[in-house]
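One structure below.
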Amino acid sequence: MRFLFSDPFTKVAGKELEFSISGPVCLRTLIGRFPPDLIKMIHHDHSVSDVELRAHVMFFSKARLLKLDDMIDNDETIKVLLPATGG
């Protein structure tokens, strides 16, 4: 499975990260495998809620906004974007 990053995350993680997983894994667990500088950038720890995380970053799979407890399969591609800002 792979994560595709948009700016400004590319400065820390590059354009993509790939992980090989043997079965479905929740998004929260996969985020825990990110490089430490990226985890700091998105303000993630194990106690963060979906709402708190979405203030800093959003994860999409096939145009579906993911929650931390959503299960991810090995063949998925996850887009990592800044949250939209209103005006």
Side-chain angles (χ1 to χ4, degrees):
M1 68 90 27
R2 66 186 182 147
F3 289 93
L4 299 178
F5 296 96
S6 67
D7 286 332
F9 306 114
T10 57
K11 292 175 178 49
V12 176
K15 292 194 182 245
E16 70 178 65
L17 281 177
E18 289 194 39
F19 297 116
S20 181
I21 54 177
S22 58
V25 177
C26 72
L27 178 60
R28 183 183 308 270
T29 300
L30 292 170
I31 293 171
R33 295 174 64 182
F34 283 1
D37 287 344
L38 182 57
I39 290 174
K40 286 181 195 174
M41 187 177 190
I42 64 174
H43 303 278
H44 177 71
D45 66 40
H46 289 290
S47 66
V48 73
S49 70
D50 287 309
V51 173
E52 292 168 315
L53 184 65
R54 288 179 183 163
H56 303 282
V57 64
M58 299 179 100
F59 296 89
F60 289 89
S61 176
K62 301 175 188 161
R64 180 176 60 100
L65 180 60
L66 297 174
K67 295 181 180 178
L68 287 166
D69 292 328
D70 284 345
M71 300 304 281
I72 309 301
D73 291 317
N74 196 46
D75 63 343
E76 288 190 65
T77 298
I78 310 299
K79 293 181 181 176
V80 184
L81 310 164
L82 284 175
T85 57

| said: Using the ring-ring contact (aromatic ring centres under 6.0 Å, His included) criterion, which residues pair with Phe5? Sequence neighbours excluded. | reply: Phe34
| query | Pairs in or reaching into residues 1-19: which pass salt bridge (charged side-chain N to carboxylate O under 4.0 Å, His left out), with residues at least two apart or in two chains? | reply | Arg2-Glu16
| note | Hits for salt bridge (Lys or Arg N to Asp or Glu O under 4.0 Å) against Arg54, two or more places apart or cross-chain, chain-then-number order -> none
| message | Test of understanding: with side-chain hydrogen bond (donor to acceptor under 3.5 Å, both in side chains), list the residues that count as partners of Asp45, not counting sequence neighbours. | response | Ser47
| field | Qualifying side chain to side chain donor-acceptor pair (under 3.5 Å) pairs with a residue from residues 59-68, counting only residues at least two apart or across chains | value | Ser61-Glu76, Arg64-Asp70
| note | Pro8 meets the side-chain contact (heavy atoms from CB on, under 4.5 Å) criterion, sequence neighbours left out, with Met41, Leu82
| field | Pairs satisfying side chain to side chain donor-acceptor pair (under 3.5 Å), at least one member in residues 19-41, at least two apart | value | none
| said: List the residues meeting side-chain contact (heavy atoms from CB on, under 4.5 Å) with Asp75, not counting sequence neighbours, and say none if there are none. | reply: Asp73
| field | Candidate list Leu38, Val57, Leu68, test side-chain contact (heavy atoms from CB on, under 4.5 Å), partner His44, passing option | value | Leu68
| task | Heavy atoms only: give me the nearest Ile72-Met1 pair and the separation to one decimal. | result | CG2-CE, 3.8 Å
| request: Dump the intermediate steps for side chain to side chain contact (heavy atoms under 4.5 Å, CB included) on Leu4 and Leu17, then the final yes or no. | output: CA-CA 7 Å; Leu4 299 178; Leu17 281 177; over 6 Å; no
| request: Test side chain to side chain contact (heavy atoms under 4.5 Å, CB included) on Thr77 and Phe3 and set out the steps. | output: CA-CA 6 Å; Thr77 298; Phe3 289 93; over 6 Å; no
| query | Under the salt bridge (Lys or Arg N to Asp or Glu O under 4.0 Å) test, which residues partner Glu52, sequence neighbours left out? | reply | none
| said: Could you tell me if the side chain of Ile21 sits less than 4.5 Å from the side chain of Leu30, heavy atoms only? | reply: yes
| request: Report the hydrophobic cluster partners of Phe60, with the cluster defined as I, L, V, M, F, W, Y residues connected by side-chain heavy atoms closer than 4.5 angstrom, directly or transitively. | output: Met58, Leu65, Leu81
